[in-house]
Number of protein chains: 4
Amino acid sequence: MVYTKGLVQMFRGVFAPIPTPFSGEAIDVQALCRNLKRWESTRLSGVVVSGSNGECVLLTRKEKETLIDLVRQNFTPSKKVIAGTGCESTRETISLTRRAAALGADAALVLNPSYYKNAMTSHALRAHFLAVADASPIPVLLYNMPANTGVNMPADLVCELACHPNITGIKDSSGNIVQIAEIVANTPTGFSVFAGSGSFFLATLAVGGAGGTMAVANIMADECASLQECFERGDIESAREIQIRLLPVNDAVTRRWGVAGLKAAMDMLGYSGGAPRMPLQPLGAEESKKLRGILVSAGLLKS
Amino acid sequence: MVYTKGLVQMFRGVFAPIPTPFSGEAIDVQALCRNLKRWESTRLSGVVVSGSNGECVLLTRKEKETLIDLVRQNFTPSKKVIAGTGCESTRETISLTRRAAALGADAALVLNPSYYKNAMTSHALRAHFLAVADASPIPVLLYNMPANTGVNMPADLVCELACHPNITGIKDSSGNIVQIAEIVANTPTGFSVFAGSGSFFLATLAVGGAGGTMAVANIMADECASLQECFERGDIESAREIQIRLLPVNDAVTRRWGVAGLKAAMDMLGYSGGAPRMPLQPLGAEESKKLRGILVSAGLLKS
Amino acid sequence: MVYTKGLVQMFRGVFAPIPTPFSGEAIDVQALCRNLKRWESTRLSGVVVSGSNGECVLLTRKEKETLIDLVRQNFTPSKKVIAGTGCESTRETISLTRRAAALGADAALVLNPSYYKNAMTSHALRAHFLAVADASPIPVLLYNMPANTGVNMPADLVCELACHPNITGIKDSSGNIVQIAEIVANTPTGFSVFAGSGSFFLATLAVGGAGGTMAVANIMADECASLQECFERGDIESAREIQIRLLPVNDAVTRRWGVAGLKAAMDMLGYSGGAPRMPLQPLGAEESKKLRGILVSAGLLKS
Amino acid sequence: MVYTKGLVQMFRGVFAPIPTPFSGEAIDVQALCRNLKRWESTRLSGVVVSGSNGECVLLTRKEKETLIDLVRQNFTPSKKVIAGTGCESTRETISLTRRAAALGADAALVLNPSYYKNAMTSHALRAHFLAVADASPIPVLLYNMPANTGVNMPADLVCELACHPNITGIKDSSGNIVQIAEIVANTPTGFSVFAGSGSFFLATLAVGGAGGTMAVANIMADECASLQECFERGDIESAREIQIRLLPVNDAVTRRWGVAGLKAAMDMLGYSGGAPRMPLQPLGAEESKKLRGILVSAGLLKS
């Protein structure tokens, strides 16, 4: 463990949790590199690799390592690379986090274990995250995603963990703005609270968040960055306009069509998305048409 | 029906959903009038009478009428009186709404019916609210309170209802800030969206809300008004400080101890709260002590 | 209070929670009496009046009293009449229970209060039910209906309340067969546990239940009685065949189309159902057609 | 794929989903073999290896293979060995299922993928299970465990999948007895429906189930077998007595303390349980004492 967290937030701004493009059964390296090249030209602060949007739970351990390596090697050093390393077992989480560090990741985004829901008490989650944070050579960001895990990380546990010198932030995808406000209010200054979805990005900033780590940032990176810039210079009206524009696009690539929707939107917008891995299903023709309509309405595509 | 909604929001600012003080089995008129006198001297825009915090579901029809009458007679005409009139049946809702209008209420706050949860489709809720809005001589505010009703009013239904000329706003207690943002984004300018709890007041303003109708406003009326004033003049930092100060007090008088907690806090702070009606239970000694501690920490009481 | 519960169960067998027929805005007395006449010729043990299926929450206090009176006056004394008397406030529940007793009801079925969900702790529910049972001149049956109330009565609270001499049973509509088994296992012999829906009637009998109080019994009274008779003489195979036949019909008149579905099915089968009160909506043409198909498949109607 | 399902159920009776004993970080082979020896002398129909109770999600792929191999090599050929092979990705599930078959497993118990909850539509789950069943050399048993996965396999999907010749049964841990009855009613005769927890074993048999696959069978194997025998010879009373005795023990080793509780109970009863893997936490002293009390009350231990 390195003692990393001080008075200044190490992580701020907009991060894109990038999808993993496949070519048949394998990772499509060239597609990935094309995407990275394009994200380099945006105002993203960085990317998250092997997260929920990267289909992490459908990847083998080896594939995760390959991905982290590829992204860090091929992405500008001026932007951060955060690796998703949360696994169900503590020891696998530690092992993957160490490997991510060795591969050059700037931080680890660690989703809480969740299969044994009743057993995931604050006691068990605390022990898990302290063990991971102690063992990690890189800063740890907590990741709360109850819509996928069925477990919510309680605000008081998060605030307690935030005192660990190697736990430097949280991506909260709960959308529970009260919880997000409580976390901001009760964690040290150097701790970064990120909106985990674009739909509550402005609200998160309003209560003191440090930025957003959001699927929609893959395709609206500069819009997201502008929202935060407007907000920070006091232009709430403009920030709100962008927030409203984000809403339907964000909904399409998260709650509604998920990773398959995000990948389809990327294909429509000139990125390389492709099909998700089974059991995820690609969008059907009808859904694709609706998605295209949403992108057109948002001004991202010509009709 | 009067066609009331134009380009200007009729309702803005901070409203207190006031508790109903009892003396034994009866409404304590003097206690109520004392409280009203005190609220007059605050920057509240108005009060809600016979709402959830007023123990509406524990009152008889006659008591509800008495309450509305008392409050309108004894409260300064310069502030609004909104009457809670939602009942399970459409016809009782209409009948009570008309009576509230006759008694001088400025608007009706109408909670959706919810007992037959599976049957409360958008189709049924639409028919219900249109019938009420058509029949009401005063503006109708929708009231969404899924924590109590177990039914969430979907954003698209709210937006559709918002086009009715006599439906002028919503109190949304869901805490779902994405839903609140979607409602603001897709309703006419004259439609007012209120935070239904103090814990997400700032977030609601950030996405374009018109104010708050919140239990905590009974005891922190001017703080709530200041939060909105700071926000509206662009001083987010100060608004956030007040929001953070509100959080534990709001939690104590809503999610944690509910109406009993609110009444106990009022007693501690010089208002007349008293005991709730059964089956609600008054706070025990241990809980009262914790509540006092929370009020002290928030600077509302000397220790 | 009369001390009513001994070693023998006072209530056993199949009860129909009857709908309330309306003619325009008023209760349709003649339709009600026609239905009662027909139920008299079945093997029902009795009926529940002013319960969930009777649209109790859409009735005024006066209408509830009228209904209880009408049913007791017009139904054979050889069968029981149970009155639904649960209200949100303890005092209204007591007052209505006493009135039901005066009108000749054999027992009161008391749904737990539920609006203030967070406040409905075991402490509050215990105080409520003990107050009601102490005050009631007739036996009290608990009524657990979490699908409508959003509150589950915990098994250990039920078992504790079952020791009160005037609390003689429960209608459990949760469908949680483990909870039902735990209640049977931990309550006195004289305490009756009823399946609250026909879909888990056989399972409830298997774990020791005393019968069922189920919407489907309005239209399949003798089939339900046969199921219990088969079960009790050890003919599980035949009981299971009836159970399987009940499933789709039960689903249609509960979870799927609720009271409106039950009333429509009654109309199709020669009873007098009619339309429900708003906000409940009658079945549309398409739904009616599907319902008819279900009744035909179950052998209740000719195609 | 072999076409395995005919008119006769291949799987009936009581199965124990066995825990995985560890010695430090490694699987404790000797402890496992001691346990297997003891289960051989019971009336279990077989065991499930690498299921939820085997901490499957905390094992590496290699460990899962080792376990399946060890159990099949060391367990009497007269009893069945079922391997838990469900993974989030379809291809990993197929690959592990094939490996389990090669290692001699009699069937695969396949938990549905669940991380991407919104995407786990019937369409996606159907495609997943058909792909697995087509590819599997051994019979496939579906595994529905919504308490852990947050996804319920709908009854109509299960009934549709049951028509695949290689899908021969389901372990349903939902506890939803209506759903279980619907599945029995609408699947072919050769399809086996298993109670996934001991708390609703009798109810499952009553509606036509083929047996149970239940944590409590690890420590009450013969009692579980007796329950089914009593039921099948029409002695419901005795079956119910055993069911009631099972309830508190079952609760302790599932909902309440989970795998850690099961392992602790095994240690108390002469099996080799040991500690679970992190993030699961072993029972504390206070919990152990309560567990011991439960085992004493159930007559499994002397006080």
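What you are looking at is a predicted structure, and each value in this text was computed from that prediction instead of being measured. Letters go in sequence order (proteins before strands), and every chain restarts at 1.
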Out of curiosity, B:M120 CE to B:T149 OG1, how far, rounded to the nearest 0.5 Å?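 Nearest 0.5 Å value for the CE-OG1 distance: 11.0 Å.
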Which portion of B:R255 sits near chain C, non-hydrogen atoms under 4.5 angstrom: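 For B:R255, backbone and side chain are both near chain C.
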Can you tell which part of B:V151 gets under 4.5 Å to a heavy atom of chain C, answering side chain, backbone, both or neither?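 B:V151 has no heavy atom closer than 4.5 Å to chain C.
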At a 4.5 Å cut-off on heavy atoms, which part of [X] comes close to chain B: side chain, backbone, both, or neither?
{"X": "C:N118", "value": "side chain"}
{"X": "C:S52", "value": "both"}
{"X": "C:A260", "value": "neither"}
{"X": "C:L111", "value": "side chain"}

State whether a side-chain donor-acceptor pair under 3.5 Å links [X] with [Y].
{"X": "C:S114", "Y": "C:N112", "value": "no"}
{"X": "C:R61", "Y": "C:S95", "value": "yes"}
{"X": "C:N144", "Y": "C:N152", "value": "yes"}

Shorter than 4.5 Å, heavy atoms on both sides: which option in C:H128, C:E88, C:E55 has the most such pairs with chain B?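 Option with the top pair count is C:E88.
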Closest-packed option against chain B by number of heavy-atom pairs under 4.5 Å, given C:A127, C:G150, C:G258: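 Ranked by heavy-atom pairs under 4.5 Å with chain B, first place is C:A127.
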Just wondering, are more than 12 heavy atoms of other shown residues or ligands nearer than 6.0 Å to CZ in B:R98?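 Counting other residues, nucleotides and ligands, CZ of B:R98 stays at 12 neighbours or fewer.
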Any salt bridge linking B:E63 with C:R91? Criterion: basic side-chain nitrogen under 4.0 Å from a carboxylate oxygen.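 Judged by the 4.0 Å cut-off on N to carboxylate O distance, B:E63 and C:R91 do form a salt bridge.
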